[in-house]
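Scroll down for the structure; my scribbles are underneath it.
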Amino acid sequence: MALISPRTPPGTMELLPRRQVAFQRMLDTIRRTYERFGFLPVETPVFEVADVLLSKSGGETEKQVYFVQSTGGIEQGHKPDLALRFDLTVPLARYVAEHERDLAFPFRRYQIQRVYRGERAQKGRYREFYQCDIDVIGKDSLPVAYDAEMPAVIHSVFTALDVGPFTINFNNRKILLGLFEALGISEPERRVLVLRQVDKLDKLSREQVLELLAGEGIGLAPDVASQVLDMIGFAGSADATLAHLDGLALDNDTFRQGVAELREVVTALQAFGVPETHWRVNLSIARGLDYYTGTVYETFLTNHPGLGSVCSGGRYENLAGLYTKSKLPGVGISIGFTRLFYALEQAGIVQDGPSTVQVLVTQFDPSLMADYLAIGAELRAAGVNTEIQLEPAKPKKQFAYADKAGIRYAVIMGPDEKARGEVTVKDMVSGEQHAVARAALAGWFAGK
RNA sequence: GCGGUCGUAGCUCAGCUGGUAGAGCCCUCGGUUGUGGUCCGAGUUGUCGUGGGUUCGAGUCCCAUCGAUCGCCCCA
């Protein structure tokens with residue numbers, strides 16, 4: 001019979017147990033840090049009612065959505081009425097609108113779950129991946145100070161993850177939009193297109209971006225295009241950038257409001273005590289998603305620029321507008337954890353974690369099985385993760401097993417130890433063996 | 001959705017201008033009595049992606065097809 005070749009679908013990440021332990025620990029670090037900053041956990045279903053999920057997006061995202069339909073429904077020719085979520089922000093909007101009366105505002109939630117996008121899998125681009133989101137949702141209003149809190153959380157998370165140097169870039173979309181208004185680029189669709197191209201300034205040369213801005217679909221006059229880049233291409237400290245923006249003296253309300261907000265975020269961020277080595281105002285950051293209305297963020301790993309942003313987000317004035325008449329402004333960020341983990345793996349930064357099994361109670365003499373079971377029970381009662389070797393096997397094989405599985409300690413008790421009222425504890429890493437009194441065994445592991 | 005590369009053992013790959021398939025790793029067993037990670041020895045593993053064509057003969061050449069991968073678009 002022909003075997004079916006075992007394989008994962010493209011664009012999915014699957015790990016061996018010890019790598020999974022490393023993955024899980026990093027995820028725990030993110031979770032702990034989010035909680036430390038006062039965020040509450042939320043989970044939502046992997047699939048949502050299709051029209052709830054798709055109401056907003058339209059266009060590009062819609063093509064990437066996986067629909068869900070039962071086989072019965074397919075047989076009856078029904079169109080799928082469920083779809084897998086492609087991010088956590090849209091489900092959050094639905095969640096907040098649905099539970100508005102029961103939630104305390106400002107509502108601070110974190111959410112760590114997988115999302116799905118049906119796009120071509122590429123290096124570091126997955127069709128199923130983890131997002132680790134935090135958002136703060138206000139009722140009617142939400143002070144800009146919350147915009148400054150986001151980078152503070154990101155800084156804390158990435159420092160705790162110990163992933164090497166990183167920079168949080170941020171900007172305010174109102175600055176860009178006001179600038180475009182002042183330059184006569186009025187159509188919203190065209191502004192979004194310009195934003196997308198401007199966003200590429202980090203990757204492409206000035207000339208290439210100029211060409212794109214003059215190209216099809218946008219058709220910016222060359223002098224306007226270079227004016228845009230002159231204003232946006234400024235590089236300098238946060239204070240210098242703000243001075244640069246003031247110096248432009250643009251007569252546009254949106255622009256002025258954007259600069260004022262940016263200044264407020266910078267000031268608050270300094271007060272939050274986030275070192276300026278880890279963030280910068282970057283006027284070319286725009287973000288593709290069009291629901292962002294103010295502050296936007298992107299975070300890059302210094303040593304992996306090719307990877308793109310590993311954490312991004314922004315401010316949205318009225319996210320849940322499609323679901324409720326209440327005005328619910330918010331600000332949030334999202335860590336693309338699967339991609340981040342992939343990058344760290346590639347860079348050799350990720351080490352396999354230890355097994356979650358701390359101790360293997362080996363079996364040297366089947367007649368002592370009752371003792372092995374008793375030892376296992378004692379260790380477990382003492383909070384030590386313990387596996388008992390239940391199948392008779394040669395010592396060689398048992399140690400090889402412990403070694404391969406990454407189990408740190410092996411407990412050995414043969415007739416000799418039994419007679420002395422002792423057990424032998426072997427440290428598989430150092431190779432050292434310790435004679436431990438039978439009664440003191442659980443205590444021996446207390447500090448390990 | 002559009003472009004460039006590549007498909008040989010579970011994995012990484014070798015196989016020169018066509019002559020009946022190889023290495024390393026992994027895995028299994030062994031190197032005697034209760035000891036792994038090193039070393040030594042032995043062993044298992046393949047419709048050479050699939051279908052067709054050229055040829056006395058194709059892993060090797062040609063065509064098609066499927067799959068993978070990288071880049072573009074978009075994005076974490």
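Chain letters run A, B, ... following the sequence lines, proteins first, then strands; residues in each count from 1. Note: hydrogens, waters and symmetry copies are ignored here, and every other heavy atom, side chains too, is used.
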Aromatic contact, Phe158(A) with Phe166(A) (centres under 6.0 Å): yes

Span that lies between the C1' atom of U28(B) and that of G10(B), in whole angstrom: 14 Å

Same-atom distance (C1') from G15(B) to G7(B), integer angstrom: 15 Å

Pairwise P distance for C6(B) and G49(B), with rounding to whole Å: 14 Å

Nearest-0.5 Å distance, CG of residue Asp135(A) to CD of residue Gln111(A): 8.5 Å

Main-chain N/O of Leu283(A) paired to Asn171(A) side chain as donor or acceptor, under 3.5 Å: yes

For RNA chain B, the residues among residues 153-165 of chain A that have a non-hydrogen atom under 4.0 Å from it: none

Side chain Asp403(A) and base G37(B) donor-acceptor under 3.5 Å: no

Nearest-Å distance for atom pair CG/P, residues Leu16(A) and C11(B): 13 Å

Exam field: side chain Thr386(A) to backbone Leu379(A), donor-acceptor pair closer than 3.5 Å: no

Phe39(A) six-ring face occupied by Arg108(A) cation (under 6.0 Å, within 45°): yes

Interatomic distance at P, U12(B) relative to U69(B), whole Å: 12 Å

Rounded P spacing from U17(B) to G59(B) in Å: 16 Å

Sugar-phosphate only, base, or nothing, as touched by Ala402(A) at under 4.0 Å among non-hydrogen atoms: nothing

Spacing of Tyr130(A) atom OH relative to C75(B) atom P, expressed in whole Å: 25 Å

Stem regions touching RNA chain B, defined by at least 3 consecutive Watson-Crick or wobble G-U pairs below 3.5 angstrom: B:1-7 with B:66-72, B:10-13 with B:22-25, B:27-31 with B:39-43, B:49-53 with B:61-65

Aromatic ring of Phe129(A) stacked on base six-ring of A76(B), 5.5 Å, 30°: yes

Distance, nearest 0.5 Å, that separates CD1 of Ile412(A) from CG of Leu360(A): 9.5 Å

Side-chain donor or acceptor of Tyr146(A) paired with backbone N/O of Ile137(A) under 3.5 Å: no

Aromatic plane relationship, Trp444(A) with Tyr409(A) - under 30° parallel, 30 to 60° tilted, over 60° perpendicular: perpendicular

Counterpart residues, ring pair (Phe, Tyr, Trp, His ring centres under 6.0 Å), relative to Tyr316(A) (two or more places apart): none

Check: Val115(A) main-chain N/O paired with Arg85(A) side-chain donor or acceptor under 3.5 Å: no

side-chain hydrogen bond (donor to acceptor under 3.5 Å, both in side chains) partner of Tyr401(A), the single match among Gln389(A), Lys396(A), Glu387(A): Glu387(A)

Nucleic acid contacts - residues 420-443 of chain A versus RNA chain B, non-hydrogen atoms under 4.0 Å: Lys426(A), Met428(A), Val429(A), Gly431(A), Gln433(A)

Ring center gap for Tyr372(A) and Phe364(A) short of 6.0 angstrom: no

P gap between C62(B) and G24(B), integer Å: 32 Å

Sugar-phosphate only, base, or nothing, as touched by Glu417(A) at under 4.0 Å among non-hydrogen atoms: base

P atoms of C40(B) and A21(B), separation to the nearest Å: 29 Å

Given RNA chain B, 5'-ward residue of the pair Gln131(A) and Asp416(A), judged by closest heavy atom: Asp416(A)

Length of the CD1-P vector between Ile412(A) and G36(B), whole Å: 11 Å

Whole angstrom value for the distance that separates C1' of C75(B) from CD of Glu128(A): 17 Å

C1' gap between G31(B) and G36(B), integer Å: 16 Å

Give me the distances for all protein-to-nucleotides 28-32 of chain B N/O pairs that come in under 3.5 Å?
from, atom 1, to, atom 2, distance (Å)
G30(B), OP1, Lys394(A), NZ, 2.8

Distance in angstrom units between Leu301(A) CG and A76(B) P, rounded: 15 Å

Rounded distance in Å - CD (Gln363(A)) to P (G36(B)): 18 Å

From Ile285(A) atom CD1 to Asn282(A) atom CG, the distance as rounded to the nearest 0.5 Å: 4.5 Å

Between P of G36(B) and CZ of Phe399(A), the distance in whole Å: 8 Å

Nearest-Å distance for atom pair CD1/P, residues Ile30(A) and A76(B): 16 Å

Strand-adjacent residues in residues 333-341 of chain A, judged by heavy atoms under 4.0 Å from RNA chain B: Gly336(A), Arg339(A)

Pair Glu391(A) + Lys397(A): basic N to acidic O under 4.0 Å: no

Glu417(A) side-chain N/O to Gly414(A) backbone N/O, donor-acceptor pair under 3.5 Å: yes

salt_bridge(Glu432(A), Lys426(A)) N-O dist < 4.0 Å: no

Phe47(A) and Phe67(A) aromatic centres sub-6.0 Å: no

Over 12 foreign heavy atoms within 6.0 Å of CZ, Arg36(A): no

